[in-house]
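Predicted model, so just to flag it, every value in this text is computed and none were measured. All chains are named by letter (A, B, ...) in the order of the sequence lines, taking the proteins before the strands, and each is independently numbered beginning at 1. Any value given below was found using the heavy atoms of this structure, including those in side chains, with hydrogens, waters and symmetry copies removed.
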Amino acid sequence: MLNKRGMGELLFFFAVFFVIIGIALMYQATIKKEDTSRFIGGSQVASFDVYAESEELRLNLQEKIRFIAYDSLLEYSENGGFANGNNCDKRGNVVIWDFNKCWPDLEKNYAELVKKNLDEQGFKLTEQKISGKEEVEILPADNSYREIKLSGNVLEVNFGKRIFNRKTETSEITYERDYVIMEEVPFDFNKMQELKRKLLEAKQTGNYNGIVEGEVGEYIDFSIENDKKVLAFENSRLIAKEPIFKFAIKV
Amino acid sequence: MNKKGQYEIGAYWAGFSLIFSFLLVVILLSLTGSVVANERLIEIEVSDTRLNLFPYLQTPVGFSNGEFTMQELLLSSYYNGDYDEFNKKTREILTPLYPKDKCTNWNMYVVKAPENEIINSIENIVGINIPDFKNLKFFNDYRQSRIVVPRIFEEGQLEIRVVELC
């Protein structure tokens, strides 16, 4: 039988014991909570980062392609659908369209001009290797692209696939993304094709009514203004310019 | 004081110390747990702000009598050395977004990279001394998000850094 003091000591012993157990349990619970929150948050942050990195690359490629499309359009318009240094005859500095010698394939010429400007910006066309019947996927370097297409007035540059990786404490995130950059070119290729067709017909019939007004001389000059401005880099400054598509034809 | 009295006072002190140390441990442990969770939440919020900068850069804006994007306006401002229009349009876009959750205000800096030179700033929060952005992410109540755009016509990038007061 315990006396009062003995009972008190026993109670005190139990109190100390429960406090120690309580602290140990609290510590374990906290560690678990900390681990859980770190693991969940870690994966989310890594996912955000991977997506942001991929989106940043898309944005950068988009902007580069936009300026290449602008540059190409200005050069193309100045030269009546050709590149600088073309072999066409000129009237002043205006290119003369000649059915036998200098008759532009408008869409093809523009795509080639874009390709030339991509090359100048350090982008290289990569080849896809074919192994037997299966196409071998080659991951392109940062400065490579696979294909240029012009559909209507939409320029499409395929940069192929890029892979983004992130390692977290508990997982590894791999994100694959295809980069096909579409840029609307502010130029009406269809309308120009229509004009080309009409000019051919007029050349054969000798009737230019509906294409030009008034007397037709030896040459007809065309100057087609664009209502959308593009940015041009000139003398270390960026200026907004309206591309003016200029050419002449000999009647 | 007799022996019994001394014993009782000792028991009271011992009991009080036990309870105090238990409470102290509970408080410390709960703080440790929430710091980790809070850091994760802040990181997620920072990522969220970074993602918001993508549509900001693609926002259509009119300048020089043409229709362009904020990213093109930034490049135009950089090459022409005049940020007035860029700052005005940025304020028009970002000001209506604040206060945003716990964040009450924002600053924006345009930094030339890799030179790490601040070339333009919009400051709504005054008194921030930012010689180096590296450790700003969890510095006091400031949160920093950044996005990089190429300079296109020369080597290097322009970094847009948004500092939020949250």
Side-chain angles (χ1 to χ4, degrees), chain A residues 4-5 8-9 11-12 15-16 18-20 22-24 26-42 44-49 51-52 55-64 66-68 70 121 186 227-231 233-242, chain B residues 3-4 7-8 10-11 14-15 17-19 21-22 24-26 28-44 46-48 50-51 53-54 57-58 63-69 71-81 145-150 152-154 157:
Chain A
K4 265 190 175 177
R5 184 172 172 180
E9 280 174 354
L11 277 172
F12 188 69
V16 171
F18 281 119
V19 165
I20 290 169
I23 288 173
M26 285 295 297
Y27 178 74
Q28 284 301 320
T30 309
I31 294 295
K32 287 284 174 202
K33 181 182 160 192
E34 189 181 317
D35 285 350
T36 310
S37 60
R38 181 167 60 226
F39 293 155
I40 293 169
Q44 285 172 322
V45 169
S47 305
F48 274 133
D49 272 357
Y51 176 71
E55 191 59 15
E56 199 167 271
L57 177 61
R58 187 199 65 76
L59 202 66
N60 290 352
L61 290 173
Q62 182 84 53
E63 205 56 37
K64 284 179 179 168
R66 186 169 296 155
F67 275 100
I68 284 171
Y70 287 167
Q121 287 268 329
D227 58 359
K228 187 173 185 320
K229 285 189 173 180
V230 298
L231 289 173
F233 189 65
E234 288 179 1
N235 303 322
S236 301
R237 290 173 69 86
L238 265 182
I239 52 166
K241 278 179 93 171
E242 269 178 19
Chain B
K3 262 191 168 182
K4 192 182 170 189
Y7 170 76
E8 279 176 354
S17 306
L18 269 176
I19 293 167
S21 55
F22 180 72
L24 190 70
V25 168
V26 168
L28 285 177
L29 289 180
S30 64
L31 279 179
T32 315
S34 61
V35 165
V36 173
N38 278 343
E39 282 193 5
R40 291 296 170 204
L41 281 174
I42 291 170
E43 276 188 68
I44 290 169
V46 166
S47 301
D48 185 47
R50 187 182 176 196
L51 291 181
L53 289 175
F54 292 108
L57 282 176
Q58 289 304 295
F63 66 92
S64 301
N65 299 318
E67 283 296 318
F68 302 99
T69 63
Q71 187 166 351
E72 287 164 302
L73 177 56
L74 170 64
L75 287 170
S76 173
S77 304
Y78 170 70
Y79 284 109
N80 300 339
S145 317
R146 66 177 75 191
I147 189 169
V148 176
V149 297
I152 305 278
F153 301 101
E154 60 185 43
Q157 296 93 30

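Here A/A46 pairs with A/R166, A/T168, A/I173 under the side chain to side chain contact (heavy atoms under 4.5 Å, CB included) rule; sequence neighbours left out.
If you measure heavy-atom distances from A/Q121 to chain B, the contacts under 4.5 Å come from the side chain alone. Within the 4.5 angstrom heavy-atom criterion, no atom of B/Q157 approaches chain A. With a threshold of 4.5 angstrom between heavy atoms, B/F63 approaches chain A through side-chain atoms but not through N, CA, C or O. Proximity to chain A (any heavy atom under 4.5 Å) is restricted, for B/T69, to the side chain, taken from C-beta onward.
Separation of atoms CZ (B/F54) and CD (A/E55) is listed at 5.5 Å; rounding is to 0.5 Å. To the nearest 0.5 Å, atom OG of residue B/S64 and atom CG of residue A/L231 are 7.5 Å apart.
Using a distance-only test at 3.5 Å, with no hydrogens or angles considered, a donor-acceptor pair links the side chain of A/E56 to the main chain of B/V148.
With respect to the salt-bridge test (charged N to carboxylate O, under 4.0 angstrom), the residues B/E72 and A/R66 qualify.
Taking chain A as the reference chain and counting heavy-atom pairs below 4.5 Å, the highest number among B/I147, B/I152, B/N80 is found for B/N80. When A/R237, A/R58, A/E242, A/K228 are compared by the number of non-hydrogen pairs under 4.5 Å with chain B, A/R237 comes out ahead. Ranking A/D227, A/L238, A/I239 against chain B, the residue ahead of the rest is A/L238, based on heavy-atom pairs under 4.5 Å.
Side-chain contact between A/D49 and B/R50: present, with at least one pair of heavy atoms (C-beta onward) separated by less than 4.5 Å.
Closest heavy-atom contact between A/F67 and B/L75: CE1-CD1, 3.6 Å. Nearest heavy-atom pair across B/V149 and A/N60 is CA-OD1, 3.8 Å.
Judged by the 6.0 Å and 45° rule, A/K64 forms no cation-pi pair with B/F153.
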